[in-house]
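Proteins get letters first, then strands, A, B, ... in listed order; numbering begins at 1 in each.
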Number of protein chains: 2
Amino acid sequence: MDRPYDVFDDRCPTRLVLDRLADKWSLLLLDRLDAGPVRFNQLRRDIRGLSQKVLSQTLKRLERDGLVERTVRPTVPVSVDYALTPLGRTLTDTVAAFAHWAERNMDAVIAAQTAYDTALAG
Amino acid sequence: MDRPYDVFDDRCPTRLVLDRLADKWSLLLLDRLDAGPVRFNQLRRDIRGLSQKVLSQTLKRLERDGLVERTVRPTVPVSVDYALTPLGRTLTDTVAAFAHWAERNMDAVIAAQTAYDTALAG
DNA sequence: GAAACAAAGTTTCCGATAGATACTAGGGAG
DNA sequence: CTCCCTAGTATCTATCGGAAACTTTGTTTC
């Protein structure tokens, strides 16, 4: 294997990236932004359960990692919108696959959980 | 949209699943198990930085969700191995895509981070 | 027969993180 | 003048992750 990076090695920088991406809110944000630029409060409304603080932090990290671009427009009041960068767009298929696997396989997962729990109880 | 589940809704059970999957250790474990059954301490050695406690917890959750199967074999001392279930195997392509995106795009991410940090400093 | 080792965990403790809530700043509407 | 909009920041607490010690069952070593 001549890959320069290895996710199984904890000293490898890919771990830092995986840490960022392997996060519920990051995935939901990337998935939501796939449809086009969205403003801060719109994201907050669309992604139910996401607090302002965590939204702010998560967007900042995604921006720093070059996946999301932040644009301030001088409207009144000022509006800010967030969009995927080209790099971010290379991830969206994978992210969408993930989010939608959960939707497709939910029933199987619930069945497995129920079976597991009743096996423990019995 | 006639999809029964919606990840953007916080009352939707898919959120619970996404929570499980959108986790660094779960992804690394699923990726590692793709190659075949592996024993507990082997996983601990292979996935650098993963503590016993978190390995144990993560495996338990993945087992409960029906993604991983735990098999105890009556060797001396007893050995336990973990393998993907058929349901778990439906995820591996996506998981691998994720883990390996990090490896492929690491350089771009580092460049973005550096640019971001120097822009803030300057 | 006591000491040490091995597998697969569990328990304990502590510092970091997430979530809820409240607050800030710069305007605009009533 | 007061409330409401934008896009956040500040604070507080509960939970979570990581490190290391301990447990259990049994084996090998001295």
Side-chain angles (χ1 to χ4, degrees), chain A residues 7-12 15-29 32-33 37-65 68-83 116 120, chain B residues 7-12 15-29 32-33 37-65 68-83 116 120:
Chain A
V7 284
F8 291 114
D9 181 356
D10 61 339
R11 293 157 310 179
C12 176
R15 272 293 179 85
L16 297 173
V17 173
L18 195 62
D19 239 347
R20 293 284 129 80
L21 298 181
D23 169 67
K24 179 176 57 172
W25 302 125
S26 296
L27 292 187
L28 288 171
L29 278 171
R32 179 66 189 81
L33 291 175
V38 187
R39 297 174 56 179
F40 186 88
N41 279 322
Q42 189 61 47
L43 288 169
R44 192 159 73 84
R45 278 187 296 269
D46 288 352
I47 303 180
R48 310 290 308 186
L50 171 56
S51 74
Q52 297 189 22
K53 187 184 93 174
V54 174
L55 174 57
S56 177
Q57 287 174 346
T58 307
L59 285 169
K60 218 169 275 179
R61 284 189 313 218
L62 291 173
E63 188 191 357
R64 177 167 185 267
D65 291 341
V68 158
E69 188 182 24
R70 178 178 184 274
T71 309
V72 180
R73 277 180 296 115
T75 54
V76 166
V78 71
S79 59
V80 179
D81 59 38
Y82 292 90
Y116 183 93
L120 274 190
Chain B
V7 284
F8 292 114
D9 180 356
D10 62 339
R11 292 158 309 178
C12 178
R15 271 294 179 82
L16 297 173
V17 174
L18 195 63
D19 239 346
R20 294 285 130 79
L21 298 181
D23 169 69
K24 179 175 58 172
W25 301 126
S26 297
L27 291 187
L28 288 170
L29 277 172
R32 179 66 189 81
L33 290 175
V38 187
R39 296 174 56 181
F40 186 88
N41 279 321
Q42 189 61 46
L43 288 170
R44 192 159 74 83
R45 278 187 297 269
D46 288 351
I47 303 179
R48 310 288 310 184
L50 172 55
S51 74
Q52 298 189 22
K53 185 182 90 171
V54 175
L55 174 57
S56 175
Q57 287 175 343
T58 307
L59 285 170
K60 219 170 274 180
R61 285 188 312 218
L62 291 174
E63 189 193 355
R64 178 167 184 267
D65 290 342
V68 158
E69 188 182 23
R70 179 178 184 273
T71 309
V72 180
R73 277 180 298 113
T75 54
V76 166
V78 72
S79 59
V80 177
D81 58 38
Y82 292 90
Y116 183 94
L120 274 189

Any idea which of [options] is nearest the [X] side chain?
X     : options               : answer
A:R39 : C:dG9, C:dA18, D:dT6  : D:dT6
A:Q52 : D:dG17, D:dT6, C:dA22 : C:dA22
B:S79 : D:dA7, D:dA19, C:dA8  : C:dA8
A:S51 : D:dA7, D:dG18, C:dA20 : C:dA20
B:F40 : C:dA8, D:dT9, D:dG18  : C:dA8
B:K53 : C:dA8, C:dT12, D:dA7  : C:dT12
B:Y82 : D:dT6, C:dG9, D:dG8   : C:dG9

Regarding B:R15 and B:D10, does a basic nitrogen lie under 4.0 Å from an acidic carboxylate oxygen?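 No, this pair does not count.
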Using a strict threshold of under 4.0 Å (side-chain N to carboxylate O), is an ion pair present between B:R48 and A:D9?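 Salt bridge: no.
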Rounded to the nearest Å, what distance is computed from the [atom1] atom of residue [X] to the [atom2] atom of nucleotide [N]?
X     : N      : atom1 : atom2 : value
A:N41 : D:dT9  : CG    : P     : 13 Å
A:K24 : D:dC16 : NZ    : C1'   : 13 Å
A:L55 : C:dA20 : CG    : P     : 13 Å
A:L43 : D:dT6  : CG    : P     : 13 Å
B:L50 : C:dA8  : CG    : P     : 14 Å
A:Q57 : C:dA18 : CD    : P     : 6 Å
A:D23 : C:dT17 : CG    : C1'   : 11 Å

Closer than 4.0 Å, any side-chain N/O of [X] to the OP1 or OP2 of [N]?
X     : N      : value
A:S56 : D:dT9  : yes
A:K60 : D:dT9  : yes
A:W25 : C:dG19 : yes

Look at all strands and tell whether A:R44 reaches a base, only sugar-phosphate, or nothing, counting heavy atoms closer than 4.0 Å.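 It contacts nothing in the nucleic acid.
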Scan B:R70 against the nucleic acid and name what it touches under 4.0 Å (heavy atoms): base, sugar-phosphate only, or nothing.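 Sugar-phosphate contact only - B:R70 comes under 4.0 Å of backbone atoms but never of a base.
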For A:R61 and A:P77, find the nucleotide of DNA chain C closest to each by heavy atoms; which residue's nucleotide sits nearer the 5' end?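 Checking each residue's closest nucleotide, the 5'-ward one belongs to A:R61.
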Ignoring hydrogens and geometry, is there a side-chain-to-backbone donor-acceptor pair from A:R70 to A:Y82 under 3.5 Å?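 It does not hold such a pair.
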Between B:V78 and B:V72, what is the shortest heavy-atom contact and its length?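 Shortest heavy-atom separation between B:V78 and B:V72 comes out as CG2-CG1, 3.3 Å.
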